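None of these values were measured; they are calculated from a predicted model. First listed ligand is number 1; within each ligand, the first listed atom is number 1.
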Amino acid sequence: MIGRLNHVAIAVPDIAAATAVYRDVLGGKVSEVVEQPDHGVSTVFVELPNTKIELLEPLGEDSPIANFLKNNGSGGMHHVCYEVEDIDAAITKMKEGGARVLGGGGWKIGAHGKPVVFLHPKDFCGTLVELEQV
Ligand code: CO
């Protein structure tokens with residue numbers, strides 16, 4: 001069911017510093033910083049030939065990545081995002097398999113304007129998984 005790796009997300013305490021590392025040290029092609037108040041994060045995308053890296057910095061009071069950064073002060077890998085063709089079918093399959101679908105069990109429009117859902121890390125080898133309909 002899962003398709004391409006859409007992106008790997010890395011939570012960081014300082015997105016300008018993280019962007020500089022990806023641009024200047026690793027030589028990556030980086031986007032501008034985009035504030036996403038609806039999602040409680042600021043994002044930068046690093047375009048790679050086969051996928052993307054999503055740098056995430058907390059934005060606002062109730063950022064969903066605030067706790068993660070409390071436990072991982074210098075940042076860390078936050079989630080992986082796999083593409084699916086049909087998000088409703090994917091959610092049904094996850095629930096049938098006993099996996100916990102976060103955020104009330106339905107999809108939302110994600111940071112890239114497409115339907116996404118997050119799955120509980122304890123059901124997926126300790127990794128927060130995002131599914132995105134493409
Ligand atoms: Co993501």
Side-chain angles (χ1 to χ4, degrees):
M1 181 195 71
I2 55 171
R4 286 162 27 108
L5 174 66
N6 185 277
H7 59 270
V8 174
I10 299 174
V12 299
D14 180 342
I15 203 165
T19 303
V21 166
Y22 269 85
R23 184 188 55 224
D24 303 335
V25 181
L26 291 170
K29 185 178 161 202
V30 302
S31 73
E32 295 299 306
V33 179
V34 179
E35 294 194 350
Q36 313 230 20
D38 289 353
H39 298 285
V41 292
S42 297
T43 57
V44 162
F45 277 96
V46 185
E47 286 281 344
L48 306 180
N50 60 340
T51 189
K52 289 170 282 198
I53 302 297
E54 178 183 53
L55 303 175
L56 300 172
E57 181 189 69
L59 177 68
E61 295 287 296
D62 302 315
S63 174
I65 64 169
N67 269 339
F68 180 89
L69 281 171
K70 230 174 260 169
N71 298 327
N72 303 271
S74 53
M77 203 201 80
H78 185 259
H79 65 267
V80 293
C81 177
Y82 303 118
E83 297 180 355
V84 296
E85 284 180 13
D86 180 338
I87 195 103
D88 290 313
I91 289 169
T92 300
K93 184 173 167 63
M94 293 304 102
K95 288 178 178 170
E96 281 171 2
R100 284 163 280 184
V101 176
L102 302 179
W107 58 264
K108 295 196 178 75
I109 293 298
H112 327 124
K114 298 192 173 144
V116 302
V117 72
F118 284 90
L119 307 173
H120 200 295
K122 290 205 168 129
D123 298 330
F124 294 94
C125 314
T127 306
L128 179 62
V129 171
E130 178 181 23
L131 301 178
E132 180 173 296
Q133 181 173 292
V134 292

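- For E54, the N, O or S atom with the smallest separation from the Co ion (ligand 1) is OE1.
- Put simply, the angle at the Co ion (ligand 1) from NE2 in H79 to NE2 in H7 is close to 110°, to the nearest 10°.
- Annotation: R4, atom CZ; neighbour count of heavy atoms from other residues, nucleotides and ligands within 6.0 Å does not exceed 12.
- For the residue pair W107 and I91, the shortest heavy atom distance occurs at N-CD1, 3.8 Å.
- Counting backbone and side-chain atoms alike, E132 contributes no N/O/S atom closer than 2.8 Å to the Co ion (ligand 1).
- To the nearest 0.5 Å, atom CG of residue L131 and atom CG of residue D86 are 11.5 Å apart.
- A donor-acceptor contact closer than 3.5 angstrom links the side chains of E130 and H7.
- Of all N, O or S atoms in E130, the one lying closest to the Co ion (ligand 1) is OE1.
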